[in-house]
Structures are given as structure tokens and as C-alpha cells.
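Below is one structure, written out as C-alpha cells; comments come after it.
Since we're looking at a predicted model, the values are computed, not measured. Letters A, B, ... are given to chains in the order of the sequence lines, protein chains preceding strands, and every chain is numbered from 1.
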2 protein chains.
Amino acid sequence: MPEAAINGLILDQIKATQMPKLVASDIATALKKRISSGEWVENGRIPPERDLASEFGVARNTMRRAVSFLEDDGTVVRHVGRGTFLTAANPASMAAVVGRMEGTSPADMMEIRQLLEPAAASFAATNASAMELNAVREAHRIASESQDMPTFEHWDAEFHHRIFACSRNEFLKEIHNLMRILRNQAPWFEMKKRSFSEERRSIYCEEHQAVLDALLRRDPESASQAMLAHLKTVQRNLLGR
Amino acid sequence: MPEAAINGLILDQIKATQMPKLVASDIATALKKRISSGEWVENGRIPPERDLASEFGVARNTMRRAVSFLEDDGTVVRHVGRGTFLTAANPASMAAVVGRMEGTSPADMMEIRQLLEPAAASFAATNASAMELNAVREAHRIASESQDMPTFEHWDAEFHHRIFACSRNEFLKEIHNLMRILRNQAPWFEMKKRSFSEERRSIYCEEHQAVLDALLRRDPESASQAMLAHLKTVQRNLLGR
DNA sequence: CCTCCCTGAACCAATATTGAGCCAATTCTT
DNA sequence: AAGAATTGGCTCAATATTGGTTCAGGGAGG
């Protein structure tokens, strides 16, 4: 526990004893302060009512009413036998998010790709080092020369990945990693197999070439546009619209 | 109040906060910390459950549940008779992605928010039901009327969340959930605390109002623009550029 | 006197932890 | 190769923790 927090507690206590009337709503705001100072973010759980009550020097009934305010706010949820939890900040919900993501539809994801990938291409055109651009070009070359679908698939994905890699935005890179993992799962695999053809492969390669050219010219605007055009083709092929 | 009594209080406080209740989820986070500090990287093996249990002073059953958390999010795999092993070697696993995301900078995230949230607002203007729009308006109203910072914080976040909720894109919604969780963690707290002021709050409210108006007019283009303007304000306040 | 809020206490129901034992897969020792 | 030791998987009953609820009383302010 940080020293500042302890001091805060002490101050609260002294204030509390100087001003003997501590009512539920006051306690509720004190709790909110401690929550928004990040006090209980770790594992998102706040202490049991009985502990809080004795800590604040009030009866459990009062503390219950105080916590009820937070519950009404939606700041907190309570479970009998388990405890009281912050709604926003618990790491457990991270797993839940990822779980739900696994069920999202390819259509939804393609929509978001069309937001993120052009931006990534644009960032890359501005920020990439010569070496990184070479890596992109290399991925494109291998994909173009590949003979079978799995190899093409792999280097196609790698091409996109390497563009994200030089976007200089860690968060964007990780979102793309997420998408990449999701795309390697069941519903996508069928879809990709169905939609693959030699003709489409050569179209993809041309479009990749356009993106690569724009990157090499350091032209963010046309990189973005070329990527968007490519994704629209992919979407059409994958989802048939 | 006599000084001795104050000291008593202080001691009580420290005692109370130094002795946290150890439950399975707490142990899980403690384990994660030790793992990420490189404790057991050598041959990637974690001590047997029985040892860990006695080390943490809990029953083996409890330790088993704790380790199960790690197993669930893919941090670890267990083999009967052999032991429990780290899986961290695989950078493409969901768990690894999530782990790295926790370390992304607010600046990077704000950049991505400026891509996604205007789009979400635009989708929402087109797709939202009347009831959903009412929910957005309600969040805005409560935020505007809130008296203290934590309440405002909460309903501010809720406003944004409800816009995503009516974007009709599950994947987008989940990405926003991720951002929301990350924003409730350590590095953001300082920043938010530092940047808050009554004046800024009222500016945020006005900007929210502009977004809301555009949504109610079912005008995707201006919803998107209003949201972008708002995010630029937030970014300026948060990051000082 | 009345109202409102807090106190203190007891009990309930849901959930978690304990402690113990046994099984099955694996590894180590003889 | 056979047996002992280690290790995760599993079950069960007893106990502890925790939020939910109710009730009788006290004290401050109208």
C-alpha cells in the first residue's frame, strides 16, 4: 500500500473524529475517492463490508447503505459469499472479453479491419525504417512466388503483420495480433478455403504491390487508400458482398 | 482528540491494510506477478501445488483453484505426474497479447481511440434504436449533473460505452471493453487525477452534448466529427499536446 | 412527541476454504 | 523390469467467510 494512501486514510480518520457525524452518503463518497485513486484495482475486489465498517468506525448497517450507493451507481457489484467487486477494472473480465471475441463474426471483424489497417499503413509510411520496409517487401515477394495455398496464406498474413509492426503503435499492433489469432480459428478457416482461387491470389498480389509501392514512396495517403481497396476486395471475396 | 488515540488509529489502519485476506484470486495474481518477474523461467516449471500451498499458507484445494485461473487464461499448462509449466514462450497466445496490452501507453491508445470511437459514433447514428439512444442521453444527463469527480468519471465512461453498445458491431464493442479495462489500470489513474478540473468537466459535457445531438439527428457524419473533436480535447488534456 | 438515522445484534443463504483421502499418470530408484 | 515417490485430478464433509435481512434500541433535531 502506497504511503500516500495510508496518509489519506489517516486524514480521513482524523477528519472523521473531528466531525463525529459520519453518515452513509459521506462514506460512499469516501469510498468512491479510494476507488478512483486506484486503491483496489488489483483483482478488482473491495474488502468485505464488516472490515470496511470497522475500518471506518461505523456499524455494518451503515456501511452496507454506503456500499449500496456505489451499487446503485453501477460502480460495484455484490455477490453473496464472494464479495464486492468493481465493475470496470477487474482483470478477470479481460478473459471474458477475449472469450466473447472468439465468437464475433467475420463480417464485424472485416469492418474494423477497414478502419485499422489503412491507418496502420498510413503510420507505417511515415514511421517505418528502411529495414522494416525491406521486411515488408520480402514478405510480399515470398507470397507472390508461393505455389500452394498454405504458404501464400502464411506470407499474406505476414505481409499485413509486418506493416502493423512498423506502425509504431504498440496498442494497434496488439489488436492486430488479436485479430490474427481469431482469424486462425474455426469459422475463418472454412471461409478462407472456400474463397481461395488462383485468380484471386494474383489480384491480392497486385493490391499488395500497390500498398508496398506507396509505403516505399513514403506516401501515407495512398498507402491508406491502397490498403482500404485491398480490404474491400478481401471482404467481397470472403463474405460475398 | 488525544495523540495516543490517533496513533492507535494509525496503527490499526496499518495493521488492517497489511494483512489482506488471501483468497484464490489473490493468490492467482500473486503468482502472475512472480511469474512475470522471471521467478520460474528456468525450465519453465512451477513448484508443485502442495509446496506452493504450504508456502502461501493455504490448503491445496485453494492453491489448485488459484493455479486454475492461470490455466484458464493460458499462462500455464498442467500435466499429471510431471508438474505445471509456463506457456509464456508462445507470443501469439491470447494471454500473451493481453499481457502486453496491459503495458501499452496511453498515447498509443488515444491514437486508436481516435480511429475507433468516431466510427462507433457514426455506426450508432445509423443503427441505434430509440431505446439505446435514450440510454446514451441518460448517461450524459447523469454525468452532467454529477457533483463529484468519481461519479462524473463513471458516467462519462458509461456514455462512451453506450455509444459503442449501439454500434451493432460486436468486435468493436469488445475492443472498447478492452480499452475500458486498460484505462482502469495503474498508469491512467495518475493521469486522470492530474488532468481533472471543473472547467474541463464542463467542456467535456458540452462536447458530449454535441455528439448526442448528432446521434439524435441520426447524422453519422457529424456524430463522427463531434466525437473526434471530443477525443482531441481529451488527448490534449491527458497528454498535454 | 415524532422522525430520521445510526448502532448493535442475530440469523439466513450463497459461496469459499479447509483438511483429508484416494486415484492416475509420470518419474526416479533399485 | 519392478516398485517407490512425486505430482496433478478429484471428491467429500465440516467450517469459515460474506452479502442479505430483520429487529429493537438510542440519540439528535425538528
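- Put simply, the side chain of B:S167 never gets that close to the backbone of B:F123: no donor and acceptor are under 3.5 Å apart.
- Atom C1' of nucleotide D:dT21 and atom CZ of A:R78 are separated by 12 Å, given to the nearest angstrom.
- Under 4.0 angstrom from either OP1 or OP2 of C:dT18 there lies at least one side-chain N or O belonging to B:T62.
- For the residue pair B:T126 / B:R168, no side-chain donor-acceptor distance below 3.5 Å is found, with atom types taken as modelled.
- Taking atom CD on A:E49 and atom P on D:dT21, their separation rounds to 11 Å, with Å as the unit.
- Following rounding to the nearest Å, B:I27 (CD1) and C:dA16 (P) show an atom-to-atom distance of 14 Å.
- Here A:R60 lies in heavy-atom contact (under 4.0 Å) with a base.
- Rounded to the nearest 0.5 Å, atoms CZ (A:R113) and CZ (A:R183) are 4.0 Å apart.
- When atom types are taken as modelled, the side chain of B:N169 and the backbone of A:D108 share a donor-acceptor pair closer than 3.5 angstrom.
- Computed from coordinates, the A:R64 CZ to D:dT21 P distance equals 7 Å when rounded to whole Å.
- Heavy-atom nearest nucleotides on DNA chain C were determined for A:R50 and for A:S25, and the one closer to the 5' end corresponds to A:S25.
- A:F85 has its CZ atom 11 Å from the P atom of C:dT15, to the nearest Å.
- Relative ring orientation between B:H79 and B:F85 is described as tilted, the plane-to-plane angle lying within the 30° to 60° band.
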Taking only N/O atoms, report every protein-nucleotides 11-14 of chain D pair under 3.5 Å with atom names and distance.
from   : atom 1 : to    : atom 2 : distance (Å)
D:dT11 : O4     : B:N61 : OD1    : 3.4
D:dT11 : O4     : B:N61 : ND2    : 3.3

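- Salt bridge present: B:R78 and B:E49 bring a charged side-chain N and a carboxylate O closer than 4.0 Å.
- A:E71 has its CD atom 11 Å from the P atom of D:dG19, to the nearest Å.
- For D:dG19, one of the phosphate oxygens OP1 or OP2 lies less than 4.0 angstrom from a side-chain nitrogen or oxygen of A:T84.
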Readout for nucleotides 25-30 of chain C: B = base within 4.0 Å of protein heavy atom, S = sugar-phosphate only, - = neither; 5' to 3' it is BSS---

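- Summarising the geometry, the separation between CZ on B:R65 and C1' on C:dA16 is reported as 6 Å, rounded to the nearest angstrom.
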Give the C-alpha distance, both sets of side-chain angles, the deciding distance and a yes or no for salt bridge (charged side-chain N to carboxylate O under 4.0 Å, His left out) between B:R64 and B:E71. CA-CA 10 Å; B:R64 271 189 67 68; B:E71 192 183 21; over 6 Å; no

Would you sort out whether B:E158 and B:W155 count as a side chain to side chain contact (heavy atoms under 4.5 Å, CB included), showing the intermediate values? CA-CA 5 Å; B:E158 194 62 25; B:W155 289 101; 3.8 Å; yes

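- In this structure, B:L52 places its CG atom 16 Å from P of C:dT17, rounding to the nearest Å.
- Considering only residues two or more places apart in sequence or on other chains, A:R100 meets the side chain to side chain donor-acceptor pair (under 3.5 Å) condition with B:E174.
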